[in-house]
Protein chains: 2
Amino acid sequence: MELAIGELSRRTGVKVPTIRYYEQIGLLPEPTRTEGQQRRYGAPEVRRLNFIRHARELGFDVEAIRQLLDLTSDPNRSCGEVHAITRTHLDEVNDKIARLTALRDELEAMVACDNRRVSDCRIIEVLADHGQCQHRHH
Amino acid sequence: MELAIGELSRRTGVKVPTIRYYEQIGLLPEPTRTEGQQRRYGAPEVRRLNFIRHARELGFDVEAIRQLLDLTSDPNRSCGEVHAITRTHLDEVNDKIARLTALRDELEAMVACDNRRVSDCRIIEVLADHGQCQHRHH
DNA sequence: TCTTGAACCTCTAGTCGCTAGAGCATGTAG
DNA sequence: CTACATGCTCTAGCGACTAGAGGTTCAAGA
């Protein structure tokens, strides 16, 4: 399987310039090239790039992804190191889920209220109160 | 209540330069100033800034926040407009929750595996496989 | 009242993670 | 063997901050 960069892009949903950017910052290894210097990729790059995309969408920054990728590329390394990295994210992720769930409830309430007035919608209040730990529930 | 910018920062968790930046891009109104040109804020700014912070943390971009803020500042406007904005985000939010939940399960599995080898951890595989069938474009 | 220093001011420039465009080269399909 | 979609490099721009230089203000303590 020999994929041009455009085909890799199509299969992963990552834009062509972004793929080149990832190569530039060392997230993707330098691929083989044709005589005319065009990049050619294989199955491992598809997997790696899919991983990168999903990790990015889920809020991991490039440095964290780099660490995870480095760790897993050496399969003899102890899981404890991955533990340390993932642990940090686990709390964040749980926190995000909690707040997104609260937000979803509010958004659904707003979507349902449709013909009424904005003044009846509580989204602003609820969001503004969050950090205060004072929000009354409805 | 007359708050200096540093006090507003402490109460909202938004850094001082970020507050000035929000003013610059029009997310926060220009506040009153002292004789010596220092900004002074009141309760409404605390609320507004808290709203902005939480909305940002939950992934709303500045333009969306601006729209929500504009809409709600005119309480006679129909909820339908808010509906349109929130509706768009509702799908994204649900999608994020779903993928974060999947990630959390994987992270928890990894954290639990501790002493074993990275090769036993499935996070890379799971994340790499996620978008294989269908990807949503935002 | 005066002094001191933390906190304020403006302005410019840098960061991260892309994204777009110019201008030219390659490679595949007809 | 030619057309032209796709590829290449390079530079510059964007969103949303963040950091630093260099100077000013304000409030608390002597």
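Fair warning: this is a prediction, and the values are worked out from it, not measured in the lab. We name chains A, B, ... by the order of the sequence lines, and we start the count at 1 in each one. Scope of the values below: all heavy atoms of this structure, side chains included, with no hydrogens, waters or symmetry mates.
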Assign each of Lys15(B) and Gln38(B) the nucleotide of DNA chain D bearing its closest heavy atom; nearer the 5' end lies the nucleotide of Lys15(B)
Please state how far atom CG in Leu27(B) lies from atom P in dA16(D), giving the value in whole angstrom units.
9 Å
Interatomic distance, Tyr21(B) OH vs dC16(C) C1' [rounded to whole Å]:
13 Å
Hey, which sits more toward the 5' end of DNA chain C by its nearest nucleotide, Gly36(A) or Pro17(A)?
Pro17(A)
Any Thr34(A) side-chain N or O less than 4.0 Å from OP1/OP2 of dT26(C):
no
Does dC18(C) have OP1 or OP2 sitting under 4.0 Å from an N or O in the side chain of Tyr22(A)?
yes
For atom CG of Asp61(B) and atom C1' of dG17(C), their distance in whole Å
15 Å
Below the 4.0 Å mark, does dC9(C) have OP1 or OP2 next to a side-chain nitrogen or oxygen of Arg39(B)?
yes
Rounded to whole Å, please give me the gap between CD in Glu7(A) and C1' in dT6(D).
12 Å
Heavy-atom closest pair, residues Arg48(A) and Leu27(A)
NE-O, 3.0 Å
Atom CD1 of Ile25(A) and atom C1' of dG17(C): how far apart are they, to the nearest Å?
7 Å
Which atom names give the shortest non-hydrogen contact between Pro31(B) and Arg39(B), and what distance separates them?
CG-CG, 3.5 Å
To the nearest Å, give me how far apart CD (Gln24(A)) and C1' (dC8(D)) are.
14 Å
Assert: residue with more 5' nearest nucleotide on DNA chain C, out of Thr18(A) and Arg40(A), is Thr18(A)
Regarding Arg20(A) and Glu23(A), does a basic nitrogen lie under 4.0 Å from an acidic carboxylate oxygen?
no
Assign Arg20(A) to base, sugar-phosphate, or nothing according to its heavy-atom contacts below 4.0 angstrom with the strands shown.
base
May I have the distance from Leu8(A) (atom CG) to dC8(D) (atom P), rounded to whole angstrom?
11 Å
Among dC8(C), dC9(C), dC17(D), the nucleotide that comes nearest once only the side chain of Val62(B) is considered:
dC17(D)
Smallest heavy-atom separation, Arg66(A) atom then Ile25(A) atom, equals NH1-O, 2.8 Å
Give the rounded distance in Å between these two atoms: CD of Glu35(B) and P of dA27(D).
12 Å
Tell me whether the side-chain N/O atoms of Arg33(A) come closer than 4.0 Å to OP1 or OP2 in dT9(D).
yes
Here the pair of heavy atoms bringing Leu8(B) nearest to Thr12(B) is O-OG1, 2.8 Å
